[in-house]
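Keep in mind that what you see is a predicted model, and the values were worked out from it rather than measured.
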Amino acid sequence: MNITTLLDMAAEAFGERTAVVCGDSALSYAELRERAQAGAQAALASGARHVGFLDVTGPAAPVALFAAAYAGLPYVPLNFRLTPAELNELAARIAPAYLVAGPEFLPLLTPRADIQTIPRADFLALPAAEALPEPAEDPRAIAVQLFTSGTTGKPKAAILRHENLMSYIVGTVEFASAEEDDAIVVTVPPYHIAGISSVLSSTYACRRMVQLDGFDAAAWLAACRQHGVSNAFLVPTMLQRIVEHLQTSGEAPALPALRAIAYGGGKMPLATIERAMVLFPQVDFTNAYGLTETSSTIAVLGPDDHRAAAASRDPAVQQRLASVGRATMAVELQIRDEDGRVLGPNQPGLVFVRGAQVSGEYLAQGSLLDADGWFPTRDRGWLDGEGFLFLDGRADDVIVRGGENISPGEIEAVLLDHAAVADAAVVAMPDAQWGEGVAAAIVLKPGAQATESELQTLVKQRLRSSRVPQRILFKSALPYNETGKLLRRVLRQDFV
Amino acid sequence: MASLKAGSKFRSAVCDAQVMVIKAPAGEHTLLCGGVAMLTGTETAAAGAAADPAQLGGTLIGKRYVNADESLELLCTKGGQGGMVFDGAALEIKQAKQLPSSD
């Protein structure tokens, strides 16, 4: 079992169809396979044990992903935003390696004998492979290794085996389901699980991938029009920027070919999705929830759920616009309390997931699955009576104040309700009396005013006194990573 | 008789069909396509192997084939004219799951 089967099938059935477009360059599915096999031959000849990738989104990313698979080696995309010291440390961990890099990133790597680097352009122009060995059929072979961002300590190497990824794709995507003219615009970075699952899903669907380097709302809209884009995946921040751009520029939201937008990778502000549904009434919106360790999507809030929530007067149904949907048919979900007891509907606890696509495994730490195959996501949440999953932050973000568990989410929601507040984040701060205390960082809307005591009073009135931030910092912006995830660990430093 | 392991590949002896095993019950089983045992690894078709005209229901690329209790699941990676039979029972296409595109 090997993910190369996905590309082999696409290349055999629709070899002439465009696989990937980026700027002026394009590859058909037959060419993508030919380039990937050429890359596999070069990687094997180098004696590498991993295929690394250090570049922005471009045709070299899907080529390198499949080249690694044809060579039977793990694919390890690296985050090009890391510092040279961090990058070289990760490179050392995958040596001996064959490492594809963009010209701007090559100088960041310290040369070493056991890492053969190849510039992106040379990698895409390798001589065609002569006779490649059949990749091993072992379903347990590692397909992808992703270094997690590492909230504490060294980055962990999450591993996804061929059986995890194949189970995910074959279980959730219909082969060749894309229409001839369909195209998906890809704006997630290549080292993100959504960037990898997007390549695999599109390949199996035989869908054209339109790649954009980085994200800019105006450029995204222009690319959608130019390429007749039918599908898009966005992180919430990107959708927010598109909505804001359309509002401020007055540009018409005319994207006649666009049929579907999937979003995930972080919490979607309710106002953003509501606004987007009005701006793009013809578009099917899907919220996809997943983790690196689960080979991407495990729960989906589909287009019908979105429309039902928007049209309903029943608060329980309306509220579902804020949920991440129901478990896909490929996995099961469970909510447990701190002691491992399974909880019933509407009882908040810790989210557990089980299914063949769930790897839940790290290279050094091993498998985190329990005896029955359940993986602790470390996300907090609850399931409603009909199985819709609501998330409430990470277990690690909970503030424990004098033995009481406080979720940052509910306090942030109150703060965001204040007319002057543009953005708010609540984190733990050290407290001599309570162990941990509640701290808040606030970004005010341009020209708006709010005092610390005013905001404290608001929280006290709506929640209770233990929830009141004992310290509030006013900032010009909150720290987010490139996929729109709030960097709470960075924020916590402000309150130490 | 053959043992079917997840990830292993089989091909028809009498048409173009190829499959990959997604899951299979343990032990030895018979897997036929077009009425003739499917081949794996370096096996080659017996001389004069011919399809049973009654077993040409076809196998479609991209479809998953299962037995009645779904203990066996095969992914067709290349289509062919033969239909598949596992331990004496014809395999059926697993119903496609309606899932909106999420990535």
Side-chain angles (χ1 to χ4, degrees), chain A residues 1-2 5 8-9 12-13 134 136-141 162-163 166-167 170-178 184 186 188 193-202 204-207 231 233 259-260 262-264 284-290 296-297 299-304 328-330 356, chain B residues 2-12 15-26 29 31 33 38-44 58-67 69-81 84 91-103:
Chain A
M1 195 176 295
N2 189 300
T5 300
D8 286 336
M9 289 169 70
E12 302 259 333
E134 271 279 301
E137 288 178 352
D138 180 9
R140 307 267 310 150
H162 284 278
E163 62 184 357
M166 285 298 280
S167 159
V170 173
T172 62
V173 182
E174 187 68 11
F175 175 68
S177 54
I184 183 164
V186 183
V188 278
I193 180 61
I196 289 166
S197 60
S198 170
V199 168
L200 299 177
S201 292
S202 292
Y204 197 55
C206 303
R207 186 186 294 120
N231 298 60
F233 177 86
R259 290 200 315 269
Y263 60 90
D284 285 346
F285 285 91
T286 297
N287 185 354
Y289 162 61
S296 201
T297 308
V300 159
L301 185 78
D304 294 342
T328 67
M329 281 153 289
Chain B
S3 91
L4 283 72
K5 280 196 299 193
S8 58
K9 292 173 180 171
F10 286 82
R11 59 189 190 281
S12 174
C15 70
D16 291 334
Q18 293 181 11
V19 297
M20 187 187 76
V21 179
I22 293 180
K23 64 171 178 180
H29 302 273
L31 176 63
C33 179
M38 293 186 81
L39 310 169
T40 189
T42 54
E43 290 171 5
T44 50
T59 298
L60 299 171
I61 184 171
K63 296 296 178 194
R64 287 180 288 164
Y65 288 84
V66 289
N67 58 355
D69 66 2
E70 300 204 4
S71 58
L72 175 81
E73 185 170 333
L74 305 174
L75 172 68
C76 173
T77 57
K78 196 170 184 183
Q81 293 172 314
M84 292 186 292
L91 295 181
E92 301 286 340
I93 290 180
K94 184 170 178 168
Q95 279 316 105
K97 287 170 180 169
Q98 291 300 312
L99 196 69
S101 169
S102 63
D103 48 30

Which atoms of A:A13 are under 4.5 Å from chain B, going by heavy atoms: the side chain, the backbone, both sets, or neither? side chain
Tell me, for A:L200 versus chain B, whether the close heavy atoms (under 4.5 Å) come from the side chain, the backbone, both or neither. neither
Compare every heavy atom of B:S12 with every heavy atom of B:L39, then report the nearest pair and how far apart it is. CD1-O, 4.5 Å
Restricting to side chain to side chain donor-acceptor pair (under 3.5 Å), what partner residues turn up for A:E163, sequence neighbours left out? A:R140
Between B:I61 and chain A, with a heavy-atom cut-off of 4.5 Å, which part of the residue counts as in contact: side chain, backbone, both or neither? both
Heavy-atom nearest pair, B:A2 first then B:F10, reads CB-CE2, 4.2 Å
Verdict with reasoning, B:L74 to B:R64, per side chain to side chain contact (heavy atoms under 4.5 Å, CB included): CA-CA 6 Å; B:L74 305 174; B:R64 287 180 288 164; over 6 Å; no
Per-residue tally against chain B (heavy atom, under 4.5 Å) across A:T5, A:D138, A:T286, A:V170 peaks at A:V170
Which residues pass the side chain to side chain donor-acceptor pair (under 3.5 Å) test with A:S296, not counting sequence neighbours? A:S197, B:D103
Any donor-acceptor N or O pair under 3.5 Å, side chains B:S71, B:N67: yes
Would you mind checking which part of A:Y204 comes under 4.5 Å of any heavy atom in chain B, side chain (CB onward), backbone (N, CA, C, O), both or neither? side chain
Which atoms of B:K9 approach chain A - backbone, side chain, both or neither, heavy atom under 4.5 Å: both
Among A:S177, A:A288, A:S198, A:A262, which residue has the highest count of heavy-atom pairs closer than 4.5 Å to chain B? A:S198
